[in-house]
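Naming convention: chains lettered A, B, ... in sequence-line order (proteins, then strands); numbering from 1 in each chain. None of the values given here were measured: they were computed from a predicted structure.
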Amino acid sequence: MSVASAFMAVLRRDLLLGLRHRVEIINPLVFYILIASLFPFAVGSDRSTLGIIGPAVIWVCALLAATLSLDRIFHADFEDGSLEQLFLARQPLVLLTSAKVLAHWLLCGLPLIPAALALNALYQLPVTSLWPMLTTLLLGTPVFSLTGAALAALTVGLRGGGVLLALLILPLYIPVLIFAVGAVGNAMNGLSIAGELYFLAALLVLALTLMPLAAAAALRIRLG
Amino acid sequence: MLESLYKYAAPQNFYQLSRRLTPWLAGAAALLLLAGLAGALWFAPPDYQQGESFRIIYVHVPSAWMSLFVYVVLAAAGITGLVWKVKVADALARASAPIGAAFTFLALATGSLWGKPMWGAWWVWDARLTSELILLFLYVGYIALQGAIEDRRMAARAGAVLAVIGLINIPIIHYSVEWWSTLHQGPTVTRFDAPAIHISMLIPLLIMALGFKLYYAANVLVRMRCELLEAERNSAWVRQLGS
Amino acid sequence: MPNIPPTCKLELRALQCSRNDALLFNDLSCVLQTGETLYVRGANGSGKSSLLRMLAGLAQPDAGDVRWCGTDTRALGSDYAAVLQYVGHQNGIKLDLTAQENLAFYQALNGGPDAAALITALERTGLASCAALPARRLSAGQRRRLALARLLLWHAPLWLLDEPLTSLDDDGRALFRGLMQRHTTGGGIIVMATHEADIGANGPHRELVLQ
Amino acid sequence: MNSLGEFLHMGGYGLYVWGAYGLSAAILIWNAIVPTQREKSLLRELAARSNGRSGP
């Protein structure tokens, strides 16, 4: 039973800290909506171009907003010594890093989805794109948190960690980006998007199995 | 056999071995590259369609092969260093990164030099070239991570984790880019690989590929010696080397 | 209070450590029986913290190993984590949580909630009055006491303390020496990195000086 | 491929073919020289350090 209680303890603590620091949660969202609404000023506002670039902009900006908030998964704990205490706890480190990843997704990944659906309207995208946007984000944002956590653990506490983290993480997001925006685009053209969703689900399962292990290994190296 | 191999896992023995091997490897690489060059520029017939510019394949394809080969070596060496704590394997991983990045850049540069006469543009969003570009980002990420961590052993182990994550993602990226390029570009035939290549064209290609491999082996041994000299600065065998 | 078998001991066997290719110490061996305290002294940067982190399992030695009750600590895994408490330079305290929430978190992480033990831990470190205060509003000394209160949440025979008395006032130091005294007479083992000269007052103790 | 001129001309693609081979040669040679120089300077530095202190 203590395995579940340890998982819940870390999850509850991180959620509590996140909600007590609401600014840290709101800022990436505001940033997301801000950069996503910059593009119409650049390409003009006629509906056809917005329709073409809409899904791509909404998705790329979601990816950037998620990357922006990755640093907070381990950085605060690394600075104040809590990470060492998590490392020395009786429960396996993989379990505790998974709890931290889930907390990050609930605080920073999930809120991106309503913002993205609002941006759908901003880009005057047809209603047919709402459902694909929702499902691709539901499958994609956990991958941001999972892969992001592994690499945030690798670069925790390094000089220039933020930019280095983005440099390491963005190439790994390309497959998710390709299939997600491809799915939304195909859905708007009335094609079936089962293939893309299956692939996104496969990427999610792969990240779910591998990335907590990689994060635990990376933390063990960084603390060592 | 393993014991004698294990002997060379110790930095000191490896250093002597690598000093003995390098001249032979470098000499063989030079010979092969010259032979390959002669074959590529002289003996191999021009392509019936692309004419002389097809000769760029003899440099583009081997360096593309090498860019992937070196990344696999880098990841394998990283794991060996991480799991069995073999210092020489860490040195191999750190030394391979710049060479792999050089090969990847070379593949991209020769690819664009080939694309210009054929498709009129310095950059073509072809699936193979795009995967190569992403591989370059992975290399740059690895080298940036090595630079960001002072402690040599921690840098090597962090690099190993990154290389493994990268290695797992390479086939995924490759498949996604393939799917993406057919989605947007349609099936135009971008002949970057060598489908039905005539034997007289294949031989120089294989000679060049082997030459590149030996060149990598010689070069990585020299870079590994530099790594070991710096990493083992305070150990006795390095001090003896000086006197 | 699960007391440990009297034969249990902490063995350091030919430990070697280097940092950034510079050798800190090598061939360092020592055996600590129950009830003993080891004071680790040395100038800044002489490797005191590295040694303590190595004993805790946070860092791997270049050579040699650490044994607890005869088995290598790396092989013990989470069993070793159950007998060990580590207080490093940083307190491991979240400033946005209250003193009580901080300790409750560590209890939930390592066993289960135990309100009584939590209250007594706060009382014995003189923090009972500020249990509901966010750690942000505590002074540095009070935060250090909160980190030391963690040691009392459950009975861990082995205490690894890295300069625990920093930023404590005089009665804080006296209070904590009392706690150490109670721990060692109760059969615990303490390894403590320290600068204080007069610390070796109570109980059987050994000293280890790192150059 | 009889005359040298034609050889250099490469059927009109001379710039690209020689550009590719020239760049490859440049990168491979530079990539070979840099580490060998570095090793020489490391060994020189070691020799200087040990002669300077004439002993371990």
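Listed here is the closest heavy atom pair of C/Leu109 and A/Ala6: O-CB, 3.9 Å. The heavy-atom pair separating A/Arg13 from C/Lys94 by the smallest distance is NH1-CE, 3.6 Å. Annotation for C/Phe105 and A/Leu86: closest pair CZ-CD2, 3.9 Å, computed over non-hydrogen atoms. Of all heavy-atom pairs spanning A/Glu84 and C/Tyr86, the tightest one is OE1-CE2, 3.6 Å. Closest of all the heavy-atom pairs between A/Ala89 and C/Ala81 is O-CB, 3.7 Å. Of all the heavy atoms in A/Ser5 and C/Ala108, the pair that sits closest is OG-O, 3.5 Å.
At least one donor-acceptor pair under 3.5 Å links the side chain of C/Gln90 to the backbone N or O of A/Glu79.
Proximity to chain A among residues 135-145 of chain C is limited to C/Arg136, judged by heavy-atom separations below 4.5 angstrom. Inspection of non-hydrogen atoms places A/Leu16, A/Leu17, A/Arg20, A/His21 of residues 15-26 of chain A under 4.5 Å from chain C. Proximity to chain C among residues 199-224 of chain A is limited to A/Leu223, A/Gly224, judged by heavy-atom separations below 4.5 angstrom.
The salt bridge (Lys or Arg N to Asp or Glu O under 4.0 Å) test applied to A/Lys100 returns A/Asp14, A/Asp77, not counting sequence neighbours.
By the 6.0 Å contact criterion, CG on C/Asp170 is open, its count of non-hydrogen atoms from other residues, nucleotides or ligands being 12 or less. Environment of CZ in A/Phe39: sparse, with no more than 12 heavy atoms of neighbouring residues, nucleotides or ligands closer than 6.0 Å.
Interface summary for chain A: among C/Asn102, C/Leu97, C/Leu95, the most heavy-atom pairs under 4.5 angstrom belong to C/Leu97.
Looking at C/Leu58, both its backbone and its side chain come within 4.5 Å of chain A, counting heavy atoms on both sides. In this structure, the portion of C/Tyr106 lying under 4.5 Å from any heavy atom of chain A is its side chain and not its backbone. Within the 4.5 angstrom heavy-atom criterion, atoms from both the backbone and the side chain of A/Arg90 approach chain C. Only the backbone of C/Asn91 comes within contact range of chain A, with heavy atoms under 4.5 Å apart. Only the side chain of C/Glu101 comes within less than 4.5 Å of a heavy atom of chain A; its backbone N, CA, C and O stay farther away.
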